[in-house]
Amino acid sequence: MNSETFIPNTSIISKIQLNQIPIMKKVTLLSLIVIFFISCADKNAAPPAPEAPKLPVAAITTESTTTDAEYPASIQGTVDVEIRPQISGNLDRVLVDEGAYVSKGQTLFKINERPFREQLNNALANLHAAEAALINAQLEVDKLTPLVQNKVVSDYQLKTAKATKKIATANIEQAKAMVASAKINLGYTNVTAPVSGYIGRLPKKQGSLVAATDVEALTTLSDVREVYAYFSLSETDFINFKSQYAGSSIGAKIKNLPPVSLILADNNAYPQTGKIDMVDGQFDKTTGAITLRATFPNANGTLRSGNTGRIRLGLEHDDAILVPQSATIEMQDKVFVFTVNKENKVTKTPITVVGKSGANYLIKDGVKSGDQIVLSGIDKLQEGQLIQPEKSRDTKIAQLINKK
């Protein structure tokens, strides 16, 4: 066969005079031309389709579980009182410091007592004068009684003397009341702690003029050996909450409530559990919520009035659908999973989350028992994309969840 039959019919090659080229050089030239056209053909060819990714898939099942619901809580001491003066006067001494722990009956403030001591002395003087007047009235009655009996004087004078005696007796009672009142006011110059607890801020300093009508209190005192955590439930949450526990009344249900946990501001759980012991009598018309109270022991004083946190409630759910949070993706405040059909194509499916159980979501709508979902590697999946499902030994969501 003539070697010219292997040369493509192009303008480039047609200009080459093969007859003038040696045999070895012809072979080399033909090889280069073939490689050139093969490379051009490779560049114009379509790239091969990417292989479908291999992703873990599992089937959804139902099971009984407990979910944790958290509600914002405000913490108060079992006793939070404002310390206010009962009298007006100058603040002579401040005997405590801010944040100090004080015992019941301990003196906190000392108000200048001199005006009140003088009031007591004046009341005592009036009492002594009233007692002397009673003695004189009694003497007058004693003097007139035999004279009236002997008809030396009329009984009118005796009656007048007896009336004067009664007035003197009443004056003594009045004077005694004034003395007691003066003693009380004198006692108010010592402002004492009504309960044991921690002192708050001290806005009034030594030398300040204080009065019972002051807008600002001398300080606040909190008894935090136990603390109250107040939190609110919406109407729907409250209905679900009541349906969880046995009892024909709220009081009976409270007795059957399990302990609750307190999550502090640093997201750590308070080491001791609390007990719900109060449910408000009515819903707040403004917020549509009802307030509950949980009591926590606080012997070490870790919690203080004004702390914030979250009450964590455990709610039982029968035949619940759980999906690992790692198998979901959030977009525009919605949560999605990728379901897998019989052709191994994925569909981005919105789900309704009603609670959390550990690292899992409790699902109300969107998926059902038996549906296959992709467990991981969902960040780059597209709607309708084909995948290669990888099924491990544990192909059920419940088994995978129980392993977590």
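Computed from a prediction, not measured in an experiment: that's the story for all the values here.
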| message | Heavy-atom count check: over 12 atoms from other residues, nucleotides or ligands less than 6.0 Å from D333 CG? | response | no
| said: Measuring from atom OG1 of T352 to atom CD1 of I363, what distance do you get when rounded to the nearest 0.5 angstrom? | reply: 8.0 Å
| message | Does E343 form a salt bridge (Lys or Arg N to Asp or Glu O under 4.0 Å) with K345? I'd like the steps, not just the answer. | response | CA-CA 5 Å; E343 290 77 25; K345 291 184 178 180; over 6 Å; no
| query | Any chance CD of Q382 has more than 12 other-residue heavy atoms, nucleotides or ligands included, within less than 6.0 Å? | reply | no
| said: Could you walk me through whether N136 and E140 satisfy the side-chain hydrogen bond (donor to acceptor under 3.5 Å, both in side chains) test, starting with their C-alpha distance in whole Å, then the side-chain angles of each, then the deciding distance to 0.1 Å, before giving a yes or no? | reply: CA-CA 6 Å; N136 286 334; E140 187 66 18; over 6 Å; no
| Taking everything shown except K183 itself, do over 12 heavy atoms lie less than 6.0 Å from its NZ? | no
| message | Tell me whether N150 contacts the main-chain N or O of V152 through its side chain, where contact means a donor paired with an acceptor under 3.5 Å. | response | no
| task | For the pair N126 (side chain) and A123 (backbone), establish whether a donor and an acceptor sit closer than 3.5 Å, ignoring hydrogens and angles. | result | no
| query | When rounded to the nearest 0.5 angstrom, what distance separates CG in N341 from CG in D371? | reply | 11.0 Å
| task | Working to the nearest 0.5 Å, report the span between CG of L218 and CD of E82. | result | 10.0 Å
| Atom of R312, atom of E70 and distance for their closest heavy-atom approach | NH2-OE2, 2.6 Å
| task | Over all heavy atoms of both residues, which pair between S196 and K104 is shortest? Give the atoms and the distance, please. | result | OG-N, 3.0 Å
| So does K162 have more than 12 non-hydrogen atoms from other groups sitting under 6.0 Å from NZ? | no
| Considering all heavy atoms of both residues, which atom of I87 and which atom of N185 are nearest to each other, and what is their separation? | CD1-O, 3.6 Å
| field | From NZ (K348) to CD1 (I329), nearest 0.5 Å | value | 6.0 Å
| Gap separating the CG atom of L292 from the OH atom of Y228, nearest 0.5 angstrom | 14.5 Å
| request: Output the distance between atom CZ (F336) and atom OG1 (T328), rounded to the nearest 0.5 Å. | output: 11.0 Å
| So which heavy atom on I321 is nearest to which on S369, and how close? | CD1-N, 4.2 Å
| task | Would you confirm whether Q206, through its side chain, and D92, through its main-chain N or O, come within 3.5 Å as a donor-acceptor pair? | result | yes
| task | Could you walk me through whether I199 and I83 pass the side chain to side chain contact (heavy atoms under 4.5 Å, CB included) test, one step at a time? | result | CA-CA 10 Å; I199 294 292; I83 305 300; 5.7 Å; no
| Take atom CD in Q388; do more than 12 heavy atoms of anything else shown fall under 6.0 Å from it? | yes
| request: Would you check if the side chain of D284 reaches a backbone N or O of T286 as a donor-acceptor pair within less than 3.5 Å? | output: yes
| field | F116-Y188 aromatic ring centre distance below 6.0 Å | value | no
| Is the number of heavy atoms from other residues, nucleotides or ligands under 6.0 Å of K205 NZ greater than 12? | yes
